[in-house]
Structures are given as C-alpha cells and as structure tokens.
Amino acid sequence: MALIVHKYGGTSMGSTERIRNVAKRVAKWARAGHQMVVVPSAMSGETNRLLALAKELAPARPDDAYSRELDALAATGEQASSALLAIALQAEGMPAVSYAGWQVTIKTNNAYTKARIESIDDERVRADLDAGKVVIITGFQGVDDGGNVTTLGRGGSDTSAVAIAAALKAHECLIYTDVDGVYTTDPRVVPEARRLHTVSFEEMLEMASLGSKVLQIRSVEFAGKYRVPLRVLSSFTDWDIDINEEASSGTLISFEEDEHMEKAIISGIAFSRDEAKISVLGVPDTPGIAYQILGTVADANIEVDVIIQNISRDGKTDFSFTVNRNDYAKAVDLLKARVLPALGAQEVTGDARICKVSIVGIGMRSHVGIASKMFRVLSEEGINIQMISTSEIKTSVVIDEKYMELAVRALHKAFDLDQPAD
Ligand code: ADP
Ligand code: ASP
Ligand code: MG
C-alpha cells in the first residue's frame with residue numbers, strides 16, 4: 001500500500017462526465033489498496049471566465065486591493081471542481097472529502113496572484129486517509145498569514161500537487177493531463193512530436209522555464225528539491241485500464257541519468273510568446289549603466305530574461321533585454337520616465353511581437369556545434385535572430401513571433417526529434 005497523489009488538469013475535469021471518469025479512476029486506485037490524495041484544477045475555461053468577469057467590472061490594476069479579490073475569485077474554480085469530485089467519488093461508493101487550501105492548511109506568502117507555498121499541515125489529511133477516505137485538496141491556492149486566500153500563478157495546480165506529495169512523502173505524484181506525456185515539443189504545434197519515456201529533471205526544469213506549459217516551473221523545482229517521483233500521463237485513457245500498465249505509462253521525470261535515458265543530444269524544443277524586447281539606445285558606455293537600467297526595472301518587481309549589451313562606438317552603446325509581456329508597458333514607461341533623462345540616453349524602443357525558441361538537452365554538454373546548427377537551420381529558413389542566450393544544456397533565440405511555428409518545426413526536423421532515439 002502506498003500513498004499516491006493524483007493531479008487532474010482543467011480539461012480532465014472539464015465536464016460532469018469527465019469528473020465521473022476521474023472518480024472511477026481514483027476509486028480504482030483506492031480499491032487497489034492505495035491511500036489517495038487528489039488535486040484537481042478548475043473545470044477548463046473556468047479560471048479565464050472568472051478573471052474576465054473581474055475585468056468587465058474594473059480594468060486590471062497592479063495594487064494589492066484588486067489582486068486580493070482576483071485571488072479570492074479565481075480560487076473558487078478549484079473549490080467547485082474539488083467538491084464535485086468528492087460528490088462523484090461518494091456516488092461511486094468511495095468515502096471522500098474535499099478541502100480548500102485554507103482548510104488544510106496550505107500556507108503561502110502574501111504575493112497575490114503569484115504566491116509561493118511556505119508550509120503544508122498534513123494532520124487533517126493523514127487522519128482522513130487513515131480513516132479510509134480519499135482526500136481531495138484544491139489546486140492553485142493557499143492562505144497567507146493574515147488569512148487571505150492566495151493563488152499560485154497560472155498552471156499552479158501542478159505545484160500544489162507536487163508540494164502536497166512532498167509534504168506527505170508520497171510514493172509518487174501523477175500529473176494527469178490532456179496529452180499522454182511530455183513530448184519533444186508541444187504536439188499541438190508539431191504533430192510529429194514524439195513522447196519521451198523519461199526526461200531528466202534538469203531538462204524538464206529548462207523546458208518548463210522556457211515555456212512548455214505541460215508542467216508549471218515551480219512544480220518541477222519542488223520535485224527537484226524534495227525528490228518527488230513525478231510522472232505526466234493521460235487522463236483520457238479508459239478509466240479501467242490495468243493499473244500497472246497505467247502506472248508505467250506517460251513520461252517519468254527522472255533524477256538519474258542512467259542507461260535507460262534516451263540518448264538524443266537534444267531532448268526537446270520549448271517556445272514562448274510571453275516575452276517582449278526593450279532597447280535603450282545611445283547610452284553612455286560607463287560603469288554602472290547595467291545597474292541603473294536593470295536595477296530600476298528590478299525595483300519595480302519586473303523580471304528580466306535575455307540581456308545584450310552592444311560594443312560601444314563613440315562612447316555610446318545600446319542595451320537590450322526581454323521582460324514578460326505583461327510587464328512590457330510598465331517597464332517602457334518606467335525607463336522613459338526615470339532612466340532616459342538620468343542617463344542622457346537617446347531613446348527607449350521596444351517590440352512586443354517577439355518570441356523565444358529554445359533547444360534543450362543534457363547531451364549539449366558533451367557535443368560541440370549544436371548552437372551553430374540551430375543558427376544554420378534558422379538562417380536557411382530566412383529567420384533573423386535578434387538575441388541569443390545559452391547555458392550548459394540549452395540555447396535560446398529571440399525571433400519575430402510570426403516565425404515561431406516555422407522555427408519550431410524546422411528545428412524539430414533538423415535535430416531528428418521525430419525519429420526514435422537509439
Ligand atoms: P492541464 O490543464 O492538464 O494542466 P495544460 O494545458 O496546462 O494542461 O498542459 C498540457 C498542454 O501542454 C498540452 O495540451 C500541450 O498542448 C502543452 N505542451 C506544451 N509543451 C508540451 C510538451 N513538450 N509536451 C507535452 N505537452 C506540451
Ligand atoms: N485553474 C488554474 C489555471 O487555469 C490553475 C491550473 O489549472 O493549474 O491557471
Ligand atoms: Mg496546467
């Protein structure tokens with residue numbers, strides 16, 4: 001008998017029929033003798049629907065008063081789906097109880113809309129499990145020290161599930177979703193994408209941070225920190241498939257680079273439209289420039305990603321970087337108001353129609369020429385590279401967003417990702 005955590009995404013919880021299927025699947029696992037904790041997302045579209053209602057009443061504002069209510073509102077989506085799942089399980093003859101984050105308690109900091117989990121009290125959950133109940137805990141949310149409901153950022157139910165699995169020292173955390181595992185790239189963009197049987201934790205971390213939304217980045221970080229065995233698999237198989245077959249399906253996020261690991265140099269391609277590029281032109285090339293520009297942006301809680309500073313000419317240089325697209329307007333306004341006059345720079349320009357495409361693979365460590373192959377493939381497609389950033393196991397380029405799908409498809413083919421690895 002093992003303690004297992006299941007997480008079901010929005011599409012998997014998308015209708016009463018799908019919820020009934022989830023209930024049957026969970027009941028099957030419980031009847032096989034496992035202690036079951038289930039973390040559901042809101043029914044698909046519900047979080048967007050709720051947030052759109054708020055914006056109808058008042059345009060988005062960054063202040064805490066507004067963000068607090070957004071969290072109180074969005075958290076109801078998961079409360080509804082959790083209660084519905086408990087009702088469906090009870091109808092299957094399986095004792096079940098649902099809890100919101102604040103009832104568990106899942107404590108977070110007070111950063112509304114992007115809160116971080118600080119602690120999870122497992123007492124109540126363990127008592128219910130010992131009494132033979134399936135315990136359902138809302139994904140995506142917690143409560144801060146002041147008793148305010150918080151949410152963990154879009155896609156945050158993954159993080160709830162992994163954090164709960166870590167707190168309960170679960171045997172495994174299974175992330176059920178609408179695809180049957182982690183693919184070489186998003187199978188909705190490249191139909192030839194191939195499912196990976198295993199992916200290393202480090203590669204998964206890069207893919208998630210570079211835009212593969214199949215797992216929220218924080219969930220992968222938690223899994224790494226607490227060594228939570230993690231698997232991504234489909235909720236769309238027949239609920240009564242053999243449990244052992246189900247338990248070994250999908251993609252395992254592996255902590256060991258062993259001989260079972262696929263041997264490809266590149267494991268996957270990630271992409272993101274979430275960024276925007278900002279350039280400060282004609283800044284004097286003197287010490288402290290980067291700090292003045294990026295420090296001002298950081299002080300406004302805006303994260304910076306790819307950074308480029310050009311060689312100076314006549315004592316002046318250009319400085320470019322990317323920020324999240326949601327922060328773009330705010331960052332440009334800030335730089336125009338504060339940095340431009342203070343530095344005597346010429347101009348602040350920007351482009352929100354860019355995207356970042358990245359190739360990821362631990363094999364890059366031991367192979368040279370991978371980045372240059374990427375640049376060759378893009379040049380053959382006539383795609384101009386605006387920025388480049390590299391690490392040991394990834395190379396990212398910033399390009400015009402209209403070429404995103406073309407770039408991803410061309411790279412997927414050029415690196416043979418549609419061919420099974422030997
Ligand atoms: P859920 O609602 O279950 O959390 P998400 O929509 O958040 O599901 O994540 C699953 C989606 O992630 C898939 O439908 C797929 O389009 C997308 N995705 C992006 N990159 C990948 C990848 N490398 N492998 C699999 N799915 C991916
Ligand atoms: N319901 C939330 C969202 O749509 C959390 C999640 O699905 O993981 O972002
Ligand atoms: Mg998700």
Side-chain angles (χ1 to χ4, degrees), residues 6-14 18 22 38-52 70-71 73-82 100-101 113-115 117 137-142 150-164 173-199 203-220 231-236 250-251 253 266-274 357-361 404-405 408 411-412 417-418:
H6 279 193
K7 179 257 169 177
Y8 291 90
T11 321
S12 311
M13 297 290 294
R18 292 218 165 125
V22 169
V38 187
V39 179
S41 292
M43 295 171 78
S44 56
E46 181 62 6
T47 312
N48 288 344
R49 188 186 73 85
L50 291 167
L51 295 176
L70 282 186
D71 277 5
L73 174 69
T76 62
E78 271 71 9
Q79 288 189 41
S81 62
S82 295
T113 74
K114 46 178 180 250
I117 295 177
I137 304 175
T138 50
F140 185 49
Q141 61 192 273
T150 54
T151 68
L152 311 180
R154 298 308 302 268
S157 298
D158 297 330
T159 302
S160 307
V162 177
I164 288 165
C173 180
L174 303 180
I175 308 282
Y176 286 86
T177 183
D178 56 5
V179 283
D180 63 352
V182 178
Y183 277 67
T184 47
T185 192
D186 189 338
R188 297 187 202 286
V189 171
V190 181
E192 296 79 26
R194 215 169 31 83
R195 181 167 59 80
L196 301 164
H197 296 289
T198 56
V199 61
E203 287 169 324
M204 194 64 239
L205 201 58
E206 285 286 6
M207 282 175 54
S209 81
L210 295 168
S212 298
K213 70 165 187 167
V214 62
L215 285 176
Q216 197 201 35
I217 170 81
R218 292 279 298 141
S219 72
V220 189
R231 184 179 287 278
V232 176
L233 67 171
S234 172
S235 70
F236 291 169
T251 301
I253 318 302
I266 299 300
S267 297
I269 300 177
F271 49 84
S272 160
R273 277 197 188 86
D274 295 341
V357 175
S358 311
I359 55 174
V360 175
M404 191 184 83
E405 298 195 354
V408 173
L411 290 167
H412 195 267
L417 290 177
D418 43 358

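Order of appearance sets the numbers: ligands from 1, and atoms from 1 within every ligand.
- Checked against ring pair (Phe, Tyr, Trp, His ring centres under 6.0 Å), Tyr8 has the following partners two or more places apart in sequence or in another chain: His6, Tyr176.
- At least one side-chain heavy atom of Ile175 sits under 4.5 Å from a side-chain heavy atom of Leu215.
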Ligand 1 polar-atom proximity to protein (N/O, under 3.5 Å):
| from | atom 1 | to | atom 2 | distance (Å) |
| --- | --- | --- | --- | --- |
| ligand 1 | 2 (O) | Gly10 | N | 3.1 |
| ligand 1 | 3 (O) | Thr177 | OG1 | 2.6 |
| ligand 1 | 4 (O) | Lys7 | NZ | 3.0 |
| ligand 1 | 6 (O) | Lys213 | NZ | 3.3 |
| ligand 1 | 8 (O) | Thr177 | OG1 | 3.2 |
| ligand 1 | 14 (O) | Asp178 | OD1 | 2.8 |
| ligand 1 | 14 (O) | Arg188 | NE | 3.0 |
| ligand 1 | 14 (O) | Arg188 | NH2 | 2.7 |
| ligand 1 | 16 (O) | Asp186 | OD1 | 2.8 |
| ligand 1 | 16 (O) | Asp186 | OD2 | 3.2 |
| ligand 1 | 16 (O) | Arg188 | NE | 2.9 |
| ligand 1 | 23 (N) | Tyr183 | O | 3.0 |
| ligand 1 | 24 (N) | Tyr183 | N | 2.8 |

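- Looking at Lys213, Lys7, Glu78, Glu46, it is Glu78 that brings a heavy atom closest to atom 5 (C) of ligand 2.
- The shell of residues lying under 4.0 angstrom from ligand 2, judged by heavy atoms, includes Gly156.
- Every heavy atom of Gly139 sits 4.0 Å or more from the atoms of ligand 2.
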*Let me see the working for Ser157 and Glu78 under side chain to side chain contact (heavy atoms under 4.5 Å, CB included), right down to the final yes or no.*
CA-CA 9 Å; Ser157 298; Glu78 271 71 9; 3.6 Å; yes
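- Ion pairing between Arg188 and Asp178 holds under the 4.0 Å rule for side-chain N and carboxylate O.
- The shortest N or O to N or O distance between Gly153 and ligand 2 is not under 3.5 Å.
- Proximity to Ser157 (heavy-atom distance under 4.0 Å) selects the following atoms of ligand 2: 5 (C), 6 (C), 8 (O).
- Between Arg218 and Asp158, every side-chain heavy-atom pair lies at or beyond the 4.5 Å cut-off.
- Using a 4.0 Å cut-off to heavy atoms of Arg154, the atoms of ligand 2 that qualify are 3 (C), 4 (O), 9 (O).
- Contacts with ligand 2 closer than 4.0 Å are made by side-chain heavy atoms of Ser41 only, the backbone lying farther away.
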